[in-house]
Amino acid sequence: MVCLVVGSIAGWLSSLIVGIGWNMIFAMILAMLLGMIVGGLLFFPLGMLFGAMEVMLPAMLSGMVSGMLVGMWSTMESLTQLLGLGYGAVCGMGCLISIWVINNQLRGIQSNG
Amino acid sequence: MDNLTKTKWDKAAPTFEIMAGGGAEKRWKPFKEELFSHMSGRVLFLALGTGLDIPTFPKNKEITAIDISPKMLEVAQSRINAYSGSIKAEVMDVHELTYEDNSFDQVFTSCTFCSVPNPLNGLRSLRRVLKPDGQLFMFEHTGSRYYPFKIMMDLMTQITRKMGPDMNRNTVKNVEEAGFEINEINHLFLDVVKTIKATNPA
(Lines give C-alpha, C1' and ligand atoms only; values in the text may rest on other atoms or scores of the structure.)
Protein backbone atom coordinates (compact mmCIF):
# COMPACT_ATOMS: atom_id res chain seq x y z
CA MET A 1 0.00 0.00 0.00
CA VAL A 2 2.83 2.37 0.89
CA CYS A 3 4.49 1.70 -2.48
CA LEU A 4 1.24 2.40 -4.34
CA VAL A 5 0.56 5.64 -2.47
CA VAL A 6 4.10 6.99 -2.84
CA GLY A 7 4.43 5.80 -6.44
CA SER A 8 1.12 7.41 -7.41
CA ILE A 9 1.94 10.74 -5.80
CA ALA A 10 5.47 10.81 -7.24
CA GLY A 11 4.15 9.91 -10.71
CA TRP A 12 1.38 12.52 -10.52
CA LEU A 13 3.80 15.26 -9.38
CA SER A 14 6.31 14.33 -12.09
CA SER A 15 3.65 14.49 -14.82
CA LEU A 16 2.54 17.83 -13.42
CA ILE A 17 5.98 19.41 -13.35
CA VAL A 18 7.90 17.92 -16.29
CA GLY A 19 6.86 19.03 -19.80
CA ILE A 20 7.46 17.85 -23.36
CA GLY A 21 10.82 18.87 -24.73
CA TRP A 22 12.64 19.01 -21.39
CA ASN A 23 16.14 17.57 -21.34
CA MET A 24 15.51 13.92 -20.46
CA ILE A 25 18.50 13.50 -18.16
CA PHE A 26 17.62 16.67 -16.25
CA ALA A 27 13.96 15.61 -16.02
CA MET A 28 14.96 12.15 -14.83
CA ILE A 29 17.21 13.47 -12.05
CA LEU A 30 14.72 16.14 -10.97
CA ALA A 31 11.75 13.76 -10.90
CA MET A 32 13.81 11.08 -9.17
CA LEU A 33 14.80 13.51 -6.42
CA LEU A 34 11.22 14.72 -6.18
CA GLY A 35 10.02 11.13 -5.80
CA MET A 36 12.57 10.43 -3.10
CA ILE A 37 11.49 13.56 -1.24
CA VAL A 38 7.84 12.42 -1.47
CA GLY A 39 8.87 9.00 -0.16
CA GLY A 40 10.96 10.60 2.59
CA LEU A 41 8.11 12.86 3.69
CA LEU A 42 5.46 10.13 3.69
CA PHE A 43 7.85 7.88 5.59
CA PHE A 44 7.10 9.76 8.80
CA PRO A 45 3.28 9.37 8.95
CA LEU A 46 3.22 5.93 7.31
CA GLY A 47 6.16 4.71 9.39
CA MET A 48 4.14 5.32 12.55
CA LEU A 49 1.50 2.88 11.31
CA PHE A 50 3.60 0.19 9.68
CA GLY A 51 7.10 0.51 11.18
CA ALA A 52 9.90 2.86 10.20
CA MET A 53 12.29 0.55 8.38
CA GLU A 54 9.60 -1.42 6.56
CA VAL A 55 8.21 1.82 5.18
CA MET A 56 11.29 3.94 4.54
CA LEU A 57 13.00 1.79 1.95
CA PRO A 58 9.92 0.77 -0.09
CA ALA A 59 8.61 4.35 0.04
CA MET A 60 11.85 5.94 -1.14
CA LEU A 61 12.42 3.29 -3.80
CA SER A 62 8.87 3.69 -5.14
CA GLY A 63 9.19 7.46 -5.17
CA MET A 64 12.55 7.31 -6.92
CA VAL A 65 11.51 4.82 -9.61
CA SER A 66 8.08 6.36 -10.25
CA GLY A 67 9.47 9.87 -10.44
CA MET A 68 12.30 8.80 -12.72
CA LEU A 69 10.16 6.84 -15.20
CA VAL A 70 7.16 9.18 -15.31
CA GLY A 71 9.51 12.19 -15.47
CA MET A 72 11.35 10.74 -18.48
CA TRP A 73 8.09 9.74 -20.15
CA SER A 74 6.71 13.24 -19.70
CA THR A 75 9.56 14.68 -21.78
CA MET A 76 8.46 12.55 -24.76
CA GLU A 77 4.66 12.79 -24.67
CA SER A 78 2.04 14.79 -22.87
CA LEU A 79 0.80 12.75 -19.92
CA THR A 80 -2.47 13.66 -18.22
CA GLN A 81 -2.27 13.88 -14.45
CA LEU A 82 -4.42 10.75 -14.21
CA LEU A 83 -2.03 8.82 -16.45
CA GLY A 84 0.92 10.09 -14.40
CA LEU A 85 -0.81 8.88 -11.26
CA GLY A 86 -1.63 5.52 -12.85
CA TYR A 87 1.87 4.93 -14.22
CA GLY A 88 3.26 5.94 -10.83
CA ALA A 89 1.02 3.37 -9.14
CA VAL A 90 2.23 0.67 -11.56
CA CYS A 91 5.85 1.62 -10.78
CA GLY A 92 5.01 1.46 -7.06
CA MET A 93 3.55 -2.00 -7.54
CA GLY A 94 6.71 -3.05 -9.39
CA CYS A 95 8.84 -1.81 -6.49
CA LEU A 96 6.64 -3.64 -4.00
CA ILE A 97 7.13 -6.92 -5.88
CA SER A 98 10.88 -6.28 -6.25
CA ILE A 99 11.32 -5.64 -2.54
CA TRP A 100 9.25 -8.72 -1.70
CA VAL A 101 11.51 -10.85 -3.94
CA ILE A 102 14.75 -9.28 -2.63
CA ASN A 103 13.55 -9.65 0.96
CA ASN A 104 12.87 -13.33 0.42
CA GLN A 105 16.37 -13.76 -0.97
CA LEU A 106 18.09 -11.92 1.88
CA ARG A 107 16.17 -12.83 5.01
CA GLY A 108 17.02 -15.78 7.14
CA ILE A 109 19.76 -17.07 9.40
CA GLN A 110 23.44 -16.81 8.58
CA SER A 111 25.73 -18.77 10.86
CA ASN A 112 29.13 -17.37 11.79
CA GLY A 113 28.28 -13.94 10.31
CA MET B 1 28.19 11.52 30.35
CA ASP B 2 27.55 12.50 26.73
CA ASN B 3 25.21 15.44 27.37
CA LEU B 4 24.41 16.03 23.69
CA THR B 5 23.05 12.52 23.32
CA LYS B 6 21.30 12.68 26.68
CA THR B 7 19.56 15.93 25.72
CA LYS B 8 18.55 14.54 22.31
CA TRP B 9 16.82 11.53 23.85
CA ASP B 10 15.35 13.54 26.73
CA LYS B 11 13.67 15.72 24.11
CA ALA B 12 12.50 12.67 22.15
CA ALA B 13 11.04 10.89 25.19
CA PRO B 14 7.51 12.40 25.24
CA THR B 15 6.85 11.60 21.57
CA PHE B 16 9.14 8.57 21.10
CA GLU B 17 6.37 5.99 21.03
CA ILE B 18 4.41 7.79 18.31
CA MET B 19 7.06 6.69 15.81
CA ALA B 20 8.46 3.58 17.47
CA GLY B 21 5.52 2.13 19.34
CA GLY B 22 3.04 1.23 16.61
CA GLY B 23 3.48 -1.06 13.64
CA ALA B 24 7.14 -1.82 14.30
CA GLU B 25 6.48 -3.19 17.76
CA LYS B 26 3.67 -5.46 16.54
CA ARG B 27 5.69 -6.76 13.62
CA TRP B 28 8.90 -7.48 15.49
CA LYS B 29 7.34 -8.72 18.74
CA PRO B 30 7.73 -12.48 17.97
CA PHE B 31 11.38 -12.03 16.99
CA LYS B 32 12.13 -10.02 20.12
CA GLU B 33 10.36 -12.59 22.28
CA GLU B 34 12.51 -15.33 20.76
CA LEU B 35 15.71 -13.33 21.28
CA PHE B 36 14.90 -12.32 24.84
CA SER B 37 13.79 -15.87 25.72
CA HIS B 38 17.51 -16.65 26.02
CA MET B 39 17.81 -14.45 29.12
CA SER B 40 19.53 -16.27 31.96
CA GLY B 41 22.05 -15.48 34.69
CA ARG B 42 23.02 -11.89 35.31
CA VAL B 43 21.56 -9.84 32.48
CA LEU B 44 22.31 -6.29 31.33
CA PHE B 45 19.77 -4.68 28.99
CA LEU B 46 21.16 -1.73 27.12
CA ALA B 47 19.08 1.34 26.34
CA LEU B 48 15.76 0.47 27.95
CA GLY B 49 14.22 3.65 26.53
CA THR B 50 10.52 3.98 27.29
CA GLY B 51 10.36 0.27 28.09
CA LEU B 52 8.63 -0.77 24.87
CA ASP B 53 10.55 -4.05 24.97
CA ILE B 54 9.55 -4.99 28.51
CA PRO B 55 6.34 -6.81 27.47
CA THR B 56 8.50 -9.11 25.31
CA PHE B 57 10.81 -10.08 28.22
CA PRO B 58 10.44 -13.60 29.66
CA LYS B 59 8.69 -13.67 33.03
CA ASN B 60 10.36 -13.47 36.43
CA LYS B 61 13.88 -12.45 35.39
CA GLU B 62 16.25 -10.16 37.26
CA ILE B 63 17.47 -7.58 34.80
CA THR B 64 19.77 -4.61 35.09
CA ALA B 65 18.86 -2.00 32.50
CA ILE B 66 20.47 1.29 31.58
CA ASP B 67 19.58 4.28 29.45
CA ILE B 68 21.33 7.58 28.90
CA SER B 69 18.07 9.51 29.20
CA PRO B 70 16.35 9.96 32.58
CA LYS B 71 13.24 11.24 30.76
CA MET B 72 13.01 7.97 28.82
CA LEU B 73 13.26 5.99 32.03
CA GLU B 74 10.53 8.13 33.60
CA VAL B 75 8.21 7.05 30.76
CA ALA B 76 9.35 3.45 31.22
CA GLN B 77 8.57 3.39 34.94
CA SER B 78 4.98 2.11 34.61
CA ARG B 79 6.16 -0.82 32.46
CA ILE B 80 9.02 -1.51 34.88
CA ASN B 81 6.49 -1.64 37.75
CA ALA B 82 4.20 -3.96 35.78
CA TYR B 83 6.96 -6.49 34.97
CA SER B 84 6.65 -9.83 36.77
CA GLY B 85 10.37 -10.03 37.62
CA SER B 86 12.63 -7.18 38.66
CA ILE B 87 14.22 -4.50 36.50
CA LYS B 88 16.84 -2.28 38.06
CA ALA B 89 16.91 0.74 35.76
CA GLU B 90 19.80 3.18 35.93
CA VAL B 91 20.81 6.30 34.03
CA MET B 92 24.17 5.49 32.48
CA ASP B 93 26.20 6.12 29.33
CA VAL B 94 27.33 2.93 27.60
CA HIS B 95 30.73 4.51 27.00
CA GLU B 96 31.18 4.98 30.74
CA LEU B 97 29.73 1.87 32.35
CA THR B 98 30.39 1.87 36.09
CA TYR B 99 30.07 -1.90 36.45
CA GLU B 100 33.14 -3.97 37.26
CA ASP B 101 34.84 -6.11 34.61
CA ASN B 102 33.20 -9.50 33.93
CA SER B 103 30.00 -8.54 35.76
CA PHE B 104 27.32 -9.96 33.44
CA ASP B 105 26.53 -13.31 31.84
CA GLN B 106 24.57 -11.73 29.03
CA VAL B 107 24.00 -8.36 27.41
CA PHE B 108 20.90 -7.56 25.36
CA THR B 109 20.34 -4.58 23.09
CA SER B 110 17.30 -3.52 21.12
CA CYS B 111 17.62 -0.82 18.45
CA THR B 112 20.48 0.65 20.44
CA PHE B 113 23.60 0.80 18.30
CA CYS B 114 21.89 2.98 15.70
CA SER B 115 22.09 5.71 18.32
CA VAL B 116 25.23 5.16 20.36
CA PRO B 117 27.57 8.00 19.28
CA ASN B 118 30.71 5.87 19.25
CA PRO B 119 29.45 2.34 18.59
CA LEU B 120 32.86 0.67 18.61
CA ASN B 121 33.75 2.10 22.01
CA GLY B 122 30.27 1.24 23.25
CA LEU B 123 30.65 -2.37 22.17
CA ARG B 124 34.13 -2.58 23.71
CA SER B 125 32.64 -1.25 26.91
CA LEU B 126 30.01 -4.01 26.81
CA ARG B 127 32.71 -6.57 26.24
CA ARG B 128 34.53 -5.37 29.31
CA VAL B 129 31.54 -5.96 31.58
CA LEU B 130 30.65 -9.31 29.97
CA LYS B 131 32.16 -12.43 31.47
CA PRO B 132 34.44 -14.54 29.26
CA ASP B 133 32.15 -16.69 27.10
CA GLY B 134 29.34 -14.28 27.98
CA GLN B 135 26.76 -13.71 25.29
CA LEU B 136 25.65 -10.65 23.39
CA PHE B 137 22.13 -10.64 21.89
CA MET B 138 21.15 -7.75 19.66
CA PHE B 139 18.00 -6.71 17.83
CA GLU B 140 19.20 -3.93 15.56
CA HIS B 141 18.55 -2.07 12.35
CA THR B 142 21.63 -1.34 10.32
CA GLY B 143 22.63 0.11 6.97
CA SER B 144 22.26 -2.02 3.85
CA ARG B 145 25.10 -3.35 1.72
CA TYR B 146 22.96 -3.14 -1.40
CA TYR B 147 22.27 -0.28 -3.78
CA PRO B 148 20.05 1.73 -4.01
CA PHE B 149 19.09 1.04 -0.40
CA LYS B 150 22.56 2.05 0.81
CA ILE B 151 22.28 5.50 -0.76
CA MET B 152 18.75 6.00 0.58
CA MET B 153 19.80 5.13 4.10
CA ASP B 154 22.83 7.41 3.90
CA LEU B 155 20.54 10.25 2.79
CA MET B 156 17.88 9.61 5.42
CA THR B 157 20.53 9.47 8.14
CA GLN B 158 21.26 13.15 7.50
CA ILE B 159 17.70 13.88 8.67
CA THR B 160 17.03 11.18 11.28
CA ARG B 161 20.36 11.75 13.07
CA LYS B 162 19.12 15.14 14.28
CA MET B 163 16.04 13.64 15.94
CA GLY B 164 17.16 10.16 16.85
CA PRO B 165 18.95 7.23 15.25
CA ASP B 166 21.35 6.79 12.36
CA MET B 167 20.00 4.55 9.58
CA ASN B 168 23.30 3.48 8.07
CA ARG B 169 25.37 1.90 10.83
CA ASN B 170 27.52 -1.15 10.08
CA THR B 171 26.78 -2.83 13.38
CA VAL B 172 27.86 -6.34 12.36
CA LYS B 173 31.33 -5.07 11.44
CA ASN B 174 31.49 -3.07 14.67
CA VAL B 175 30.60 -6.14 16.74
CA GLU B 176 33.44 -8.07 15.09
CA GLU B 177 35.90 -5.19 15.45
CA ALA B 178 35.03 -4.87 19.13
CA GLY B 179 36.34 -8.44 19.55
CA PHE B 180 33.13 -10.47 19.73
CA GLU B 181 32.72 -13.74 17.90
CA ILE B 182 29.52 -13.72 15.90
CA ASN B 183 27.51 -16.92 16.22
CA GLU B 184 24.44 -16.04 14.21
CA ILE B 185 22.93 -13.24 12.17
CA ASN B 186 19.25 -13.51 11.33
CA HIS B 187 18.07 -11.05 8.68
CA LEU B 188 14.43 -10.16 9.35
CA PHE B 189 13.83 -7.46 6.75
CA LEU B 190 16.22 -7.21 3.79
CA ASP B 191 19.70 -7.00 5.32
CA VAL B 192 18.54 -4.08 7.46
CA VAL B 193 16.55 -5.37 10.44
CA LYS B 194 18.35 -8.27 12.09
CA THR B 195 19.17 -10.15 15.23
CA ILE B 196 22.81 -10.79 16.09
CA LYS B 197 24.04 -13.40 18.54
CA ALA B 198 27.69 -13.16 19.57
CA THR B 199 30.06 -14.41 22.25
CA ASN B 200 32.78 -12.68 24.23
CA PRO B 201 35.70 -15.03 23.59
CA ALA B 202 37.46 -16.28 26.68
Side-chain angles (χ1 to χ4, degrees), chain A residues 1-3 5-7 10 28-29 31-69 91-92 94-113, chain B residues 15-29 31 34 111 114 140-160 163-165 167-168 171-173 175-176 180-199:
Chain A
M1 193 197 88
V2 171
C3 293
V5 171
V6 174
M28 181 189 82
I29 293 169
M32 190 176 81
L33 290 174
L34 184 73
M36 284 178 77
I37 290 168
V38 169
L41 289 175
L42 287 177
F43 150 67
F44 289 99
L46 295 175
M48 290 174 199
L49 295 174
F50 303 111
M53 283 300 151
E54 309 87 292
V55 166
M56 188 186 82
L57 294 173
M60 289 187 78
L61 184 69
S62 300
M64 186 183 85
V65 172
S66 300
M68 189 171 73
L69 292 180
C91 291
C95 291
L96 175 70
I97 294 167
S98 303
I99 286 180
W100 184 81
V101 170
I102 295 167
N103 188 37
N104 278 305
Q105 293 296 315
L106 290 180
R107 73 179 177 182
I109 293 174
Q110 297 178 16
S111 292
N112 299 316
Chain B
T15 54
F16 179 76
E17 293 188 14
I18 295 173
M19 196 67 195
E25 280 306 304
K26 280 184 200 151
R27 178 164 176 161
W28 303 127
K29 190 179 177 195
F31 299 99
E34 191 285 323
C111 297
C114 51
E140 296 286 341
H141 63 84
T142 67
S144 176
R145 286 173 293 173
Y146 301 103
Y147 290 93
F149 304 127
K150 187 178 185 318
I151 297 171
M152 290 170 181
M153 300 187 90
D154 288 343
L155 284 173
M156 281 306 283
T157 297
Q158 304 309 314
I159 301 169
T160 57
M163 299 171 281
M167 298 288 189
N168 60 353
T171 302
V172 173
K173 185 173 163 232
V175 169
E176 286 175 324
F180 287 97
E181 280 176 8
I182 292 181
N183 305 319
E184 181 189 289
I185 299 169
N186 188 6
H187 291 157
L188 307 179
F189 177 66
L190 299 173
D191 63 335
V192 173
V193 182
K194 62 188 70 163
T195 57
I196 302 165
K197 296 174 184 173
T199 306

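So that the names make sense, note that chain A is the first sequence line, chain B the second, and so on, each numbered from 1.
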Search all heavy atoms of [X] against all heavy atoms of [Y] and return the closest pair with its distance.
X: A:Glu54; Y: B:Phe189; answer: CA-CE2, 3.8 Å
X: B:Glu184; Y: A:Ile109; answer: CG-CG2, 3.5 Å
X: B:Pro148; Y: A:Leu61; answer: CG-CD1, 3.6 Å
X: B:Leu190; Y: A:Ile102; answer: CD2-CG2, 3.8 Å

Quiz item: Quick one: does A:Leu106's side chain get under 4.5 Å of B:Tyr146's, heavy atoms only?
Solution: yes
Quiz item: Between A:Met56 and B:Met153, is any pair of side-chain heavy atoms under 4.5 Å apart?
Solution: yes
Practice problem: Identify which part of A:Met36 has an atom lying under 4.5 Å from any heavy atom of chain B, answering side chain, backbone, both or neither. | Solution: side chain
Exercise. State the CG-CZ distance between B:Asn186 and A:Arg107, to the nearest 0.5 angstrom.
Key: 10.0 Å
Quiz prompt | Which atoms of B:Met152 approach chain A - backbone, side chain, both or neither, heavy atom under 4.5 Å | solution = both
Self-check item: Interchain contact, B:Leu155 with chain A, by part (heavy-atom threshold 4.5 Å)
Solution: side chain
